[in-house]
Amino acid sequence: MANIHILPEYLANQIAAGEVVQRPESVVKELVENAVDAGATAISVVVRDAGKQLIHVIDNGGGMSKDDLAMSVVRHATSKIKTESDLHAIRTLGFRGEALASIAAVADVEIRTKLQPSAEDDGVSSTGWVLASRPGEPPDIRPIATSVGTQILVRNLFYNVPARRKFLKSDLTEFRHVSETMQRMALSRTDVRFTFHDGDVLVFDVRPSSLLQRIRDVLGINADRALVPVSMVEDGISVSGYVGLPEIARQSRSGQFLFLNGRPITSRPLAHAILTAYEQLLSTGSHPVFVVNIEIDPNKVDVNVHPQKHEVKFDNERAAYLLIQVAVTKALREADVLPAFLGDLPLASKPLQGLATPAAGGITYVNRLTGEIVHSQTSSSPPPTFPPVRSAHGGAVAAALFTPPPKTEQAPVFQAGSQYILTPTADGVMVIDQHAAHERVIYERVMNKHATPAHAEQALLFSVKITRSPSEIVIVREYLAEFQKLGFRLDILDSTTIEIHSVPTDVQPGNEEQVLGKLIDSLQHGGTIPKERRFDHIATMFAAKQAIRRGDRLGTEEMQTLVENLLKCALPHLTPEGKPTFFLLPFDELSSRLT
Ligand code: ADP
Ligand code: MG
């Protein structure tokens, strides 16, 4: 008696679905790829509950005949390749013939389609067809009145696979994945119109345009001033696209898009090639923004190494690596980015309110990238000349990093290693980590302000509009209440624009966009945070971003103020994240070591 048998098709499909369909995003990706392959010039995507309830994709492509419609949900059925040699030169996004069969194994699927009428046929193909399928049941096909092209509705994803359904993340996270895929697709095909709705809310509607315009529309980047074109061809490999200036680098990889022959791919080595071109232009933990396409003869590329087709192998990866590295380096050099963002600006003629006045003859600088006070020197040499201040918010109420020290006698303070502050106490020597200490001070200030919100914010005389990507706007909307508590009064104007009306008092004028941007970046990758922990989370991140850094040189008064403010804190010895801010080296220990 034989124990081995062929699995029923339904079960085989459900197993195969595990590889192709992992989350709503995978469905969106496969359906949009099919629409692109069908030659659509307009593709509309609607998701409800991040796609868990409904994914609806409409295209105006070639459509399907009744027979093709019936075949489309059969596994290993494809119109895109026929022979082995086709497999070695794939020009379509799909070719495995698995997607629709896999989706139909784990959700209810409805496909409405009508062929593009050709010159010969009169009326025959002017009928549309609808296929309705439930997992495990034979699909049902009937005629229907519909428009040319195809629309697919995928409902109740994974309802028959509870284990999978449970595995899905929060709507916010799943939506972020969907949204990133929509960004990728929209960036890969600028000749196609993409309309994307989250329920009834329009996320974006982008018409055919240049890549630069598309980047602006989809990523919410002000492309003109922040992106540099990249273009180079050599040995049959071409690299083209845009890379972002260091000033728009992000705390995550959310702004990185790589395409191979127009197909979105992930490739660590190629992303690394771009990163290395930036050399020391970026601080650790920040990631450049880029949208780069590589064109290589499809015969030299193998896209069939992964069921989701986003990993690829190609013959001469090393050559591509070097070409990308050289192309991006050249682009950044030509853009002359160095002088544009290095260098510190002298503070405005009126010192910031409440800032400890620099010693006579001293000059205080503010790092114009971060707004941090980075230098306070006592020499009388004239300040170097700087380009004009970019910020136009001259009327913004100035903020204080440090409150002025009282005129009582101060303990001496010393800075060591540009990162520690040493000060004697009655029992020994205190060794303070300047960054960690400042984090604690800012955090407690924010938390206390939270109790008396009237002092939490400073209104901007001129509100500031900033653009961010639609998926980031979704996050801002989610955290609007917490931002408000922190002191950011924000209005979401549309799917890519936020208007800032007020900022927390710690934020330096002109830095509103930067500070908010950093917070959004870290929220994007913070995972799901329970509601009651959210404000604390944002306050912690805000403190980490606003605190003076290790390596910043501090003036005596700045250090004294910091130490004093630290010691006023409720929990002076720990950062908001629970790391130590200082330790005491007791005189006992000093004497035991020195005897
Ligand atoms: P693949 O894309 O790998 O061929 P799929 O399962 O995604 O496999 O689709 C199966 C077939 O169904 C495709 O080869 C194509 O012929 C047809 N098809 C799917 N979606 C569409 C669409 N939006 N418009 C026209 N034909 C489609
Ligand atoms: Mg496909």
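Numbering of ligands and ligand atoms starts at 1, following listing order.
- The shortest N or O to N or O distance between Gly63 and ligand 1 is not below 3.5 Å.
- Between Asp171 and the options Lys52, Arg176, Gln53, a side-chain hydrogen bond (donor to acceptor under 3.5 Å, both in side chains) holds for only Lys52.
- The Mg ion (ligand 2) has no N, O or S atom of Thr78 closer than 2.8 Å.
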Would Ser469 and Glu472 count as a side-chain hydrogen bond (donor to acceptor under 3.5 Å, both in side chains) if you check the C-alpha gap in whole Å, the side-chain angles of each, and the deciding distance to 0.1 Å? CA-CA 5 Å; Ser469 77; Glu472 289 168 326; 3.2 Å; yes
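- Taking both residues in full, the closest heavy atoms of Pro229 and Ala331 are given as O-CB, 3.4 Å, listed atom of the first, atom of the second, then distance.
- In terms of protein heavy-atom proximity, atom 12 (O) of ligand 1 is closest to Ser72 CB, 3.4 Å.
- Residues Glu25 and Arg184 approach most closely at OE2-NH2, 4.4 Å, considering heavy atoms.
- Between Phe483 and Phe488, the angle of the ring planes goes over 60°, which puts this pair in the perpendicular group of the 30/60° scheme.
- Polar contact with ligand 1: present for Asn34 (N/O pair, distance under 3.5 Å).
- Of all atoms in ligand 1, numbered sequentially from 1 with element shown, those under 4.0 Å from a heavy atom of Arg96 are 3 (O).
- Protein heavy atom in closest approach to atom 6 (O) of ligand 1: Leu100 N, 2.9 Å.
- Between the side chains of Thr113 and Thr150, at least one donor N or O lies within less than 3.5 Å of an accepting N or O.
- Checked by distance only, ligand 1 and Ala101 stay at 3.5 Å or farther apart across all their nitrogen or oxygen atoms.
- In this structure, Asp68 does not count as a contact residue of ligand 1, since none of its heavy atoms falls inside 4.0 Å of the ligand.
- In terms of protein heavy-atom proximity, atom 2 (O) of ligand 1 is nearest to Lys80 NZ, 2.7 Å.
- Using a 4.0 Å cutoff on heavy atoms, Gly97 counts as a contact of ligand 1.
- With distances taken over non-hydrogen atoms, the option nearest atom 11 (C) of ligand 1 out of Gly61, Ala77, Ala38, Gly39 is Ala77.
- Checked by atom type and distance alone, the side chain of Glu174 pairs as donor or acceptor with a backbone atom of Lys169 at under 3.5 Å.
- Ligand-side atoms of ligand 1 in range of Gly94: 2 (O), 3 (O), range being under 4.0 angstrom from any heavy atom.
- For ligand 1, the atoms sitting less than 4.0 Å from at least one non-hydrogen atom of Met64 are 17 (C), 18 (N), 21 (C), 25 (C), 26 (N), 27 (C), numbered in the order shown with element in parentheses.
- The side-chain contact (heavy atoms from CB on, under 4.5 Å) test with Arg193 is passed by exactly one of Asn60, Ile43, Asp205: Asp205.
- Among all protein heavy atoms, the one lying closest to atom 16 (O) of ligand 1 is Ser79 OG, 2.5 Å.
- Using a 4.0 Å cut-off to heavy atoms of Phe95, the atoms of ligand 1 that qualify are 1 (P), 3 (O).
- Residue contacts with ligand 1 for Thr78 involve both N, CA, C or O and side-chain atoms from C-beta outward (heavy atoms, distance under 4.0 Å).
- Among protein heavy atoms, the minimum distance from atom 23 (N) of ligand 1 is reached at Asp59 OD2, 2.8 Å.
- In this structure, Arg189 fails the cation-pi test against Phe194, since its NZ or CZ atom is not both closer than 6.0 Å to the six-membered ring centre and inside 45 degrees of the ring normal.
- Phe257 and Phe259 have parallel rings, their planes meeting at less than 30° on a 0 to 90° scale where 60° marks the start of perpendicular.
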Stepwise side chain to side chain contact (heavy atoms under 4.5 Å, CB included) check, His197 with His56: CA-CA 10 Å; His197 280 88; His56 187 178; over 6 Å; no
